[in-house]
Structures are given as structure tokens and as C-alpha cells.
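Below is one structure, written out as C-alpha cells; the observations come after it.
Just so it is clear, the model here is predicted, and its values are computed rather than measured. The basis for the numbers below is simple: all heavy atoms, side chains too, and nothing from hydrogens, waters or symmetry mates.
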Amino acid sequence: MTAHSASANAPYRIFAEFETSEESFGPFLDLCRYDARESRQEEPGCLDFTVLVPEGERNVIVLFEVYRDKAAFEAHRNTPHFIKFARGCADMNVITRTVRPLLGPEAATH
């Protein structure tokens, strides 16, 4: 394993950051909470799903998700609650700032 590759047995982590309008912030935050709750309750491969609001940044929501592996994340993207989330993003004109996988300490080899 190199410094930039993930182990097949390592958790798969996602950092996603979104920007909303002032009007859509509340409804989008509710939608994020719904997706997080359903993911944790309905997906055995979802190890954690945290909804965060950065201090001092208006209308920004960050999602930190941890899945058993990349396959569990891909399965998440096909669930009814994720599809509802994705439609809500489009309907509310939410701007996706970034969605990126993060490597954990198990990948930090030199």
C-alpha cells in the first residue's frame, strides 16, 4: 500500500460540503439529517454519518460519512433515502462545494 491508496479492509470516509441559499438552509439541513438517520439505521455498511455546520459560515453544511468499504458507499448511493437527498439538492439548487474520499491513518505509510 502506498501513501495515496486505501486498504481494501479500511473504512471508506467521505467529506462533502454544500452551500445553500438562506431560504433553503433549514429544509436542506433537515434533508441531510434525514439522510444521515436513514443511512445509520438502514445500511449495515454505514459506520457513521455526521451532519455538521461550520462555525461562522452561513448556509454551509458539511457531511462526514464513514462506510465499511467503498462498496458500502456505492450501495448507499442507490438507496431510496440517498435518491431523495440527491433530488432535494437539485430542487433546492444546492451548490456542491466538494465531495471527496479521505484516507485514514491506516493509509499513512512512508
task: Tell me, please, which residues at least two apart from Pro101 pass side chain to side chain contact (heavy atoms under 4.5 Å, CB included).
output: Tyr12, Ile14
Table please: side-chain donor-acceptor pairs of residues 53-60 below 3.5 Å, with sequence neighbours left out.
unit_1	atom_1	unit_2	atom_2	d
Glu57	OE1	Arg97	NH1	3.1
Arg58	NH2	Glu22	OE1	2.6
Arg58	NH2	Glu22	OE2	3.2

statement: Between Leu31 and Cys89 the two heavy atoms that sit nearest each other are CD2-N, 4.3 Å
Results of side chain to side chain donor-acceptor pair (under 3.5 Å) for Asp48 - residues two or more places apart only: Thr50
query: Are Leu52 and Phe25 in one and the same hydrophobic cluster, where Ile, Leu, Val, Met, Phe, Trp and Tyr link if side-chain heavy atoms are under 4.5 Å apart?
result: no
- prompt: Atom CZ of Phe49 and atom CD of Glu65: how far apart are they, to the nearest 0.5 Å?
  reply: 3.5 Å
Side-chain heavy atoms of Ser39 within contact of His76, under 4.5 Å: yes
Summary of salt bridge (charged side-chain N to carboxylate O under 4.0 Å, His left out) pairs that have at least one residue in residues 24-43, sequence neighbours excluded: Asp30-Arg33
query: What class does the angle between the rings of Phe18 and Phe28 fall in, given that below 30° is parallel, 30 to 60° is tilted and above 60° is perpendicular?
result: perpendicular
Cluster link Tyr34 to Val62, ILVMFWY, side chain under 4.5 Å: no
- prompt: Who passes side chain to side chain donor-acceptor pair (under 3.5 Å) against Thr20, sequence neighbours left out?
  reply: none
- request: Identify whether Leu47 and Phe82 are in the same connected component of the hydrophobic contact network (ILVMFWY, side-chain heavy atoms under 4.5 Å).
  value: no
message: Applying a strict under-4.5 Å side-chain criterion to I, L, V, M, F, W and Y, I'd like to know whether Tyr67 and Phe15 cluster together.
response: no
task: Quick one: list whatever passes side chain to side chain contact (heavy atoms under 4.5 Å, CB included) with Ile95, sequence neighbours left out.
output: Glu19
field: Minimal non-hydrogen separation, Ile83 against Arg77, with atom names
entry: CG1-O, 4.4 Å
query: Same cluster for Val66 and Leu63 if Ile/Leu/Val/Met/Phe/Trp/Tyr side chains link at under 4.5 Å?
result: no
field: Non-hydrogen atoms of Cys32 and Ile61 that approach each other most closely
entry: SG-CG2, 3.9 Å
